[in-house]
Amino acid sequence: MELIIIRGAQDSGKTTTASLVHNKLVENGATVKLLQMKDNILDVGQYTRDFQSVLDVEKKRIVIISEGDDDDTLYEKMEWYNNEYRPDIIVVCARTYNRLGSSYRMLTEYYSNAMREENEFWTEYADDPTKTVEAKFPIVERIVNRIYELEIQKR
């Protein structure tokens with residue numbers, strides 16, 4: 001399994017970035033196997049909500065988990081999706097800090113064999129609130145391209 005991490009400070013747009021990645025993959029022809037979120041709304045903007053999705057992209061199974069603030073919740077969700085869907089790639093969000101109790105620290109402790117520096121992406125931020133979503137487009141393109149580039153080892 002490959003791990004792609006979207007990193008950023010609180011309210012920097014990690015969930016928005018993950019939503020844009022999900023939407024871009026669907027636009028490119030990915031098949032949505034599961035989409036779970038509060039209120040069943042996957043919109044992008046100031047009020048983007050946390051979600052989880054399972055997608056088939058070409059011959060790869062992708063899981064996206066936007067809830068990355070709580071290490072225990074993220075760990076439980078990752079384990080459940082890993083056991084239930086056996087993804088080739090999991091895309092997760094994690095706050096910037098690497099300290100005890102942080103989701104990023106949990107990832108380094110439990111998933112270090114799946115972590116690679118080239119699979120960590122930092123959110124882009126715009127000072128102009130009207131350009132908040134637009135500022136994330138370049139990083140979304142890089143993440144989507146990385147998903148397509150990754151060579152998946154059969155388990």
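None of these values were measured; they are calculated from a predicted model.
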Just wondering, do [Y] and [X] contact through their side chains at under 4.5 Å, heavy atoms?
X: Leu107; Y: Met78; answer: yes
X: Glu76; Y: Trp80; answer: no
X: Met115; Y: Tyr104; answer: yes
X: Leu35; Y: His22; answer: yes
X: Ile4; Y: Ile143; answer: yes
X: Leu55; Y: Lys33; answer: no

Joint hydrophobic cluster, Val21 plus Tyr125, side-chain heavy atoms closer than 4.5 Å: no
Shared hydrophobic cluster, Ile89 / Tyr148 (ILVMFWY, side-chain heavy atoms < 4.5 Å):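 As far as the 4.5 Å side-chain criterion goes, Tyr148 and Ile89 are connected within one cluster.
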Rounded to the nearest 0.5 Å, how far apart are [atom1] of [X] and [atom2] of [Y]?
X: Ile90; Y: Asn119; atom1: CD1; atom2: CG; result: 12.5 Å
X: Ile64; Y: Thr17; atom1: CD1; atom2: OG1; result: 11.5 Å
X: Leu74; Y: Tyr111; atom1: CG; atom2: OH; result: 7.5 Å
X: Ser103; Y: Arg95; atom1: OG; atom2: CZ; result: 8.0 Å
X: Asn23; Y: Ser53; atom1: CG; atom2: OG; result: 9.0 Å
X: Trp122; Y: Ile6; atom1: CH2; atom2: CD1; result: 12.5 Å

From CA spacing to verdict: side-chain contact (heavy atoms from CB on, under 4.5 Å), Ile62, Ile147: CA-CA 9 Å; Ile62 316 296; Ile147 288 169; 3.8 Å; yes
Atom of [X], atom of [Y] and distance for their closest heavy-atom approach:
X: Asp70; Y: Thr73; value: OD1-N, 2.7 Å
X: Ser19; Y: Phe51; value: OG-CE2, 3.3 Å
X: Lys14; Y: Asp11; value: NZ-N, 4.3 Å
X: Ser66; Y: Arg49; value: OG-O, 4.4 Å
X: Ala135; Y: Glu124; value: O-CB, 3.2 Å
X: Lys136; Y: Thr132; value: NZ-O, 3.6 Å

Worked verdict on Val144 versus Leu25 for side-chain contact (heavy atoms from CB on, under 4.5 Å): CA-CA 7 Å; Val144 169; Leu25 291 169; 4.0 Å; yes
Using a strict threshold of under 4.0 Å (side-chain N to carboxylate O), is an ion pair present between [Y] and [X]?
X: Arg116; Y: Glu2; value: yes
X: Arg61; Y: Asp88; value: no
X: Asp71; Y: Arg105; value: no

Aromatic Phe121 / basic Arg7 pairing, under 6.0 angstrom, 45° off normal: no
Derivation and outcome, side-chain contact (heavy atoms from CB on, under 4.5 Å), residues Ile5 and Leu3: CA-CA 6 Å; Ile5 306 169; Leu3 183 62; 4.0 Å; yes
Steps toward side-chain contact (heavy atoms from CB on, under 4.5 Å) verdict (Ile139, Thr123): CA-CA 7 Å; Ile139 200 71; Thr123 56; 5.9 Å; no
Side chain Lys60, main chain Leu150, donor-acceptor under 3.5 Å: yes
Donor-acceptor pair between Gln52 and Tyr81 side chains, under 3.5 angstrom: yes
OH (Tyr110) with more than 12 external heavy atoms under 6.0 Å: no
Within 6.0 angstrom of Asp127 CG, more than 12 heavy atoms from elsewhere: no
